[in-house]
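Working notes for the structure below.
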There are 2 protein chains.
Amino acid sequence: MIRTTIKEIAKALNISVSTVSRALRDSHEISEETKIKVLKYAKKVNYTPDPLAQALKAHQSHSICVIVPEIANYFFSEVINGIDTAAYTMGYNVFVFQSFEDYRREIQSIEYGMNRRVDGFIISLSGTTDNFDHLDLLAADKVPTVFFDRVPVNQGIDKVVVDNYEGSYQGIQYLINRGKKRIACLSSSMNLSITKERLAGYFACLKDNGIEADDQLIKFCGFDPYQAVASINEIIEFSKPDAFFINSDRLTLNSLAAIREYSMQKPLDIEIVGFTNIKHYNLLNPRIVPIQQPAWEIGVKTVELLVHKIEKRKPRLEPKTYVMKTRLIES
Amino acid sequence: MIRTTIKEIAKALNISVSTVSRALRDSHEISEETKIKVLKYAKKVNYTPDPLAQALKAHQSHSICVIVPEIANYFFSEVINGIDTAAYTMGYNVFVFQSFEDYRREIQSIEYGMNRRVDGFIISLSGTTDNFDHLDLLAADKVPTVFFDRVPVNQGIDKVVVDNYEGSYQGIQYLINRGKKRIACLSSSMNLSITKERLAGYFACLKDNGIEADDQLIKFCGFDPYQAVASINEIIEFSKPDAFFINSDRLTLNSLAAIREYSMQKPLDIEIVGFTNIKHYNLLNPRIVPIQQPAWEIGVKTVELLVHKIEKRKPRLEPKTYVMKTRLIES
DNA sequence: TTTATTTACGCAAACGTTTACATTTTGTAT
DNA sequence: ATACAAAATGTAAACGTTTGCGTAAATAAA
């Protein structure tokens, strides 16, 4: 794989490398004549600048690092799609690292990205991350960073999120409107911002409708499918729910499986609302009313914000939280 | 984000940069004493080598380029997971590009990767790719490349695939064993290797069971959901199928939706077997017997092969096709 | 002691760019 | 013609590494 360099172009045309470089970058101090000559030859030999050399010189690698809990996930894969698409058009390349919901892997990934000299980070926190020191390091080192979905509480950073409170509220209201009164609530890790916000929406909506929250109906399980099964069974057995509200993408699908399993034995009259970005929600049984996030758009937005920060465009924006809307799909 | 360089270490310890460099790489021509001194200081200032400078020097970027039709896909996201994981442990970073089933985007992605100076490519072809000249370019330029899943016919390249023929055969046999005789077959693009192989398995199994294939039962639709709906409806209306065999991941889910839709009107007694890597197949309605690919393992294998080629380890392997097994899951 | 060998390190070039500064060429005003 | 500004190009250093080669000091052999 032999690639042409500026040096070779210079030699071939019998001019200096700096002239070639300037001609290629359309500098005003190069004559039209020379520019044309250089451009023509460069095209002929299919010259493309070496991004490694440019990066070394400019201290800009034009690459960004995305850290997500996992790629093979309905929500995150769609976000990554958006990130990839936007980054591509903005001249950046994307490295994706997976934390696998592991705090230590998350730290490692950040270090790895730093060592790789990426220009910035897009991060969605792992479910086991309950300490934010590693993020402070990013901030202290002035590494451009944008968070999305699962974000740290800190205010001084850029975030792209959905209105989890509102989305959750709508979901509960939907169930209440359908006559449900004993709405069970399943959440994943309490470390996560999304969990807290969604839970808040749940409580608020119950309260606004004069329904008292029942601790028996509220459970936390991690990302382990078996925990979901256990929690579901326990709730059904002992707490007589007439609906489920489920708080996170993977958990939603896992819970569905548990509910399905249970209803094989005893038929259940239960409705389910849950956060999930699975595309084929309408094929699921038991049926579910999904609360979807605009995943692709979230991805695009994070990139726009990040590139803005990296390239220090004016106006220099204050750290800001971008809030998008969820979509509850009654089918 | 200020990073320490070898130069600074050299200055601080009052030795030359070459000595530092060699000490860091544990060269035999540096005294133990000096090595320890350098290593200790390097650790203290948290030195990590700049991969950009190294890449420039060594003509090795330690990054690879993955080109897939799309990321947000049950199969591909899992493959990418495997690729990412394996690449990570082998010291490589991964750029993912999406062709969006578009031949032109595929070419662009290859060019983009080349310009980025990646060390190699892992590619699964787009559904509209019916010309392989761009791949010959890769071969001619001696760019290490491994294909997976949707591979070119060419023999002189490395591929990782599943035994589509066998997987398909098993699926059909399963249906026949269940008493099915009129098995409809839906495929996506005929350009794809997987389509041809799976179709071959279909025909072979019918033949071996003394069932004559019926053209009326065989349809091709692209990746467009509407085409799937149209094809499904047509087949059901006019060709009296008692089962469906569906040939590709996305198509399977789209078809399921169509079948479900139809069966809302008129109940159908139909069984469905299809290639898909959706994790929650057991939650689907209508039910489906999935033929799954070992997606994660495929990803890992492609990386192993690719890195082997990049690093030109001995023995220099001949281009080879790695065939893995599919898994038919009767639930 | 002298000479040869080994050990440990430094010098400088190279990878492919970009860019401040110096230099030459051309054009303009006197 | 001379002086001078403007335009076009060249020189060289720099980004952070790695590495061939040279060399001084330390050690071994004569």
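Letters A, B, ... mirror the listed sequences (proteins, then strands); counts begin at 1. Note that the coordinates shown come from a computational prediction; the quantities given were computed from them, not determined experimentally.
Distance CD (B/Glu33) to C1' (C/dT7): 13 Å, rounded to an integer number of Å. Rounded to a whole Å, the CG atom of A/Asn14 is 12 Å from the C1' atom of D/dG10. C/dG16 atom C1' lies 11 Å from atom CD1 of A/Ile9, rounded to whole Å. The distance between atom CG of A/Leu56 and atom P of D/dC15, rounded to the nearest whole Å, is 9 Å. In this structure, the CD atom of B/Glu29 is 16 Å from the P atom of D/dT23, given to the nearest Å. Summarising the geometry, the separation between NZ on A/Lys11 and P on D/dG10 is reported as 15 Å, rounded to the nearest angstrom. Spacing between atom CD1 of B/Ile15 and atom C1' of C/dT7 amounts to 16 Å, rounded to whole angstrom units. Spacing between atom CG of B/Leu13 and atom P of C/dA8 amounts to 18 Å, rounded to whole angstrom units.
OP1 or OP2 of D/dC15 has at least one side-chain nitrogen or oxygen of B/Lys7 nearer than 4.0 Å. The phosphate of C/dC9 (OP1 or OP2) has no side-chain N or O of B/Ser18 nearer than 4.0 angstrom. In this structure, A/Thr34 reaches the D/dT9 phosphate: one of its side-chain N or O atoms is under 4.0 Å from OP1 or OP2. For C/dG16, neither phosphate oxygen OP1 nor OP2 lies less than 4.0 angstrom from any side-chain nitrogen or oxygen of A/Gln54. Under 4.0 angstrom from either OP1 or OP2 of C/dT18 there lies at least one side-chain N or O belonging to A/Ser21.
Picking from C/dG10, D/dG10, C/dA12 the nucleotide with the shortest atom distance to the side chain of A/Thr19 gives D/dG10. Listed nucleotides C/dT19, D/dT17, C/dT17 differ in distance to A/Asp50; the shortest reach to its side chain belongs to C/dT17. Closest approach to the A/His59 side chain among D/dC15, C/dC15, D/dT9 is made by D/dC15 (side chain taken as heavy atoms from C-beta onward). Checking D/dA8, C/dT17, D/dT18 against every side-chain atom of B/Lys57, the shortest atom distance belongs to D/dT18. Between D/dT18, C/dC11, C/dT18, one nucleotide has an atom nearer to the side chain of B/Ser16 than all others, and that is C/dC11.
Aromatic ring pairs are classed by plane angle as parallel below 30°, tilted from 30° to 60° and perpendicular above 60°; the pair A/Phe97 and A/Tyr112 is perpendicular.
Between B/Asp50 and B/Arg3, none of the side-chain N atoms (NZ, or NE/NH1/NH2) sits under 4.0 Å from a carboxylate O, so this pair counts as no salt bridge.
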side-chain hydrogen bond (donor to acceptor under 3.5 Å, both in side chains) between B/Asn81 and B/Ser77, worked out: CA-CA 6 Å; B/Asn81 178 0; B/Ser77 64; over 6 Å; no
Criterion side chain to side chain contact (heavy atoms under 4.5 Å, CB included) on B/Asp149 and B/Ile298, from CA distance to verdict: CA-CA 9 Å; B/Asp149 191 46; B/Ile298 290 175; 6.0 Å; no
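For A/Ser193 (side chain) and A/Val151 (main-chain N/O), a donor-acceptor pair under 3.5 Å exists by modelled atom type.
For the side chain to side chain donor-acceptor pair (under 3.5 Å) with A/His134, the qualifying choice from A/Glu106, A/Gln108, A/Glu111 is A/Glu106, the only one to do so.
In this structure, the separation between CG on A/Leu56 and NZ on B/Lys57 is 12.5 Å, given to the nearest 0.5 Å.
Using a 4.0 Å cutoff on non-hydrogen atoms, no part of residues 112-120 of chain A comes near DNA chain C.
Contacts of A/Ser27 with the nucleic acid, taken as non-hydrogen atoms under 4.0 Å apart, are absent.
The environment of CD in A/Glu33 is sparse: at most 12 heavy-atom neighbours from other residues, nucleotides or ligands sit within 6.0 Å.
When each of A/Arg22 and B/Ile30 is assigned the nucleotide of DNA chain C with its nearest heavy atom, B/Ile30 is the one assigned upstream, toward the 5' end.
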